[in-house]
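Shown next, in structure tokens, is the structure this report addresses.
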Amino acid sequence: APLQRLRASARRLLVTREAAWIIACLAAAVVGIGLADYALRMPWGLRLAFWIAGIALLVLDARKRLLPALGFNPPLREIALRLERTRPATAAGLRDVLTTGLELSDTADSGASPALRDQVVHTAAARLRMISPSRAALSGVAPRRALMLALLALVPIAALLVWSPRMAAIGLRRVLTPWTTVSWPKRTAVADVTSIHAHPLGAAVPLRAAITRTDRAPGKTDVWAMYRV
């Protein structure tokens with residue numbers, strides 16, 4: 001049972017590490033594409049191409065990293081051999097004892113006398129209780145590092161959701177559902193303030209426009225008037 005729990009703990013650490021890496025890459029890609037789309041106003045076809053490429057990479061990465069972690073199920077003998085080579089297990093006298101005790105406990109037809117077999121099994125079990133198999137054989141450094149990277153990658157998304165929920169929602173919709181018709185707010189806004197409603201023939205018509213929103217310096221925004229006669 002301790003070896004089975006050790007194997008399950010190793011599987012959880014592997015799944016956590018690989019899932020965190022995938023989340024970190026996905027969040028970084030969403031932020032990067034969203035910022036590029038905000039700056040360039042990419043058409044929906046280009047955003048759809050990014051979306052398809054992202055889904056393909058996500059599937060390949062899941063098959064390469066996540067599925068092997070989910071399927072991690074080595075024989076208990078390999079777990080015992082790996083545990084025996086650790087420093088705490090060596091100090092507890094488990095080297096060459098744990099695996100032998102495991103093999104003898106798995107079969108009654110081992111060629112050894114029942115008394116000797118029981119003695120080895122009980123010795124291995126007693127020495128195994130002296131250590132913590134998970135602490136001895138497993139390290140949480142890599143999973144914790146992957147989780148930290150995933151959290152760091154999610155920080156910009158969370159910050160944008162808090163700072164400007166509307167803009168963040170627009171960016172997420174344009175990146176994650178590129179086929180929708182949601183658009184970024186216009187960077188400029190011009191209001192017609194021409195006060196003339198009737199004018200004589202042959203006279204020039206003065207057109208006046210008020211710039212109510214612009215992303216340029218004062219006096220640097222060009223305004224084009226399109227008219228028909």
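At least one side-chain heavy atom of Val31 sits under 4.5 Å from a side-chain heavy atom of Leu35. Residues Pro88 and Met130 have side chains not in contact (no heavy-atom distance under 4.5 Å, counting atoms from C-beta outward). Counting heavy atoms from C-beta outward, Leu46 and Leu40 have side chains that stay 4.5 Å or more apart. In this structure the side chain of Thr86 reaches within 4.5 angstrom of the side chain of Leu83, judged on heavy atoms.
Judged by distance alone, with hydrogens and angles left aside, the side-chain atoms of Arg174 form a donor-acceptor pair with the main-chain N or O of Met42 at under 3.5 Å. For the pair Arg11 (side chain) and Phe72 (backbone), a donor-acceptor distance under 3.5 Å is present. In this structure, Arg47 contributes its side chain and Pro178 its backbone to a donor-acceptor pair below 3.5 Å. Proximity of a side-chain donor or acceptor of Thr212 to a complementary backbone N or O of Ala189 within less than 3.5 Å is detected.
Remark: Leu70 CG to Glu18 CD distance equals 9.5 Å, nearest 0.5 Å. Taken from OG1 in Thr180 to CD1 in Ile170, the straight-line distance is 10.5 Å, to the nearest 0.5 Å. With rounding to the nearest 0.5 Å, the separation of CZ in Arg17 from CG in Leu147 is 11.5 Å. Atoms CG and OG1, from Asp118 and Thr123 in turn, are 10.5 Å apart once rounded to the nearest 0.5 Å. Here CZ of Arg208 is found 7.5 Å from OG1 of Thr194. Values are rounded to the nearest 0.5 Å. The line from OG1 of Thr99 to CZ of Arg82 is 13.0 Å long, rounded to the nearest 0.5 Å.
Residue pairs that meet the side-chain hydrogen bond (donor to acceptor under 3.5 Å, both in side chains) test with at least one member in residues 135-148, sequence neighbours left out, do not exist here. Listed by first and then second residue, the ring-ring contact (aromatic ring centres under 6.0 Å, His included) pairs involving residues 198-229 amount to none (not counting sequence neighbours).
A chain of hydrophobic side-chain contacts below 4.5 Å, direct or via other Ile, Leu, Val, Met, Phe, Trp or Tyr residues, connects Val182 to Tyr38. A continuous path of ILVMFWY side-chain contacts below 4.5 Å connects Val175 to Leu172, so both sit in one hydrophobic cluster. Under the 4.5 Å side-chain heavy-atom criterion for grouping Ile, Leu, Val, Met, Phe, Trp and Tyr, Ile22 is connected to Leu67 within one hydrophobic cluster. Note on Ile33: it does not cluster hydrophobically with Met167, by side-chain heavy-atom contacts below 4.5 Å among ILVMFWY residues. Leu149 and Leu154 are members of different hydrophobic clusters when ILVMFWY side chains are connected at heavy-atom separations under 4.5 Å.
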Would you tabulate the side-chain donor-acceptor contacts of residues 57-64 under 3.5 Å, counting partners in other chains and residues two or more places apart, or write 'none'?
none

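Contact record, Ala150 with Ala24: CA-CB, 3.7 Å, taken as the closest heavy-atom pair. The minimum heavy-atom distance linking Ala153 with Ala28 is given by the pair CB-N, 4.3 Å. In plain terms, the two heavy atoms of Arg213 and Arg187 that are nearest each other are CG-O, 3.5 Å. In this structure, Ala80 and Leu102 approach most closely via the heavy-atom pair CB-CD2, 4.1 Å. Closest heavy-atom contact between Ala209 and Val190: CB-CG1, 3.6 Å.
When the side chain to side chain contact (heavy atoms under 4.5 Å, CB included) test is applied to Val162, no partner is found at least two apart in sequence or on another chain. Annotation: side chain to side chain donor-acceptor pair (under 3.5 Å) contacts of Trp184 (sequence neighbours excluded): Asp37. With sequence neighbours left out, the side chain to side chain contact (heavy atoms under 4.5 Å, CB included) criterion links Ile79 to Leu3, Leu6, Arg7, Pro74. With sequence neighbours left out, Arg77 forms a side chain to side chain donor-acceptor pair (under 3.5 Å) with Glu103. Annotation: side chain to side chain donor-acceptor pair (under 3.5 Å) contacts of Thr214 (sequence neighbours excluded): Thr221. For Trp179, the side chain to side chain contact (heavy atoms under 4.5 Å, CB included) criterion is met by Leu48, Trp51, Thr177, not counting sequence neighbours. The side chain to side chain contact (heavy atoms under 4.5 Å, CB included) test applied to Ala53 returns no partner, not counting sequence neighbours. Legend: residues meeting salt bridge (Lys or Arg N to Asp or Glu O under 4.0 Å) with Glu84, ordered by chain and number and at least two apart, are absent. Residues satisfying the side chain to side chain donor-acceptor pair (under 3.5 Å) criterion with Arg12, sequence neighbours excluded, are Ser9.
By the 6.0 Å contact criterion, CZ on Arg216 is open, its count of non-hydrogen atoms from other residues, nucleotides or ligands being 12 or less.
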Report task. Please lay out, stage by stage, how Gln4 and Leu76 fare under the test side chain to side chain contact (heavy atoms under 4.5 Å, CB included). Result -> CA-CA 7 Å; Gln4 291 176 345; Leu76 291 182; 3.9 Å; yes
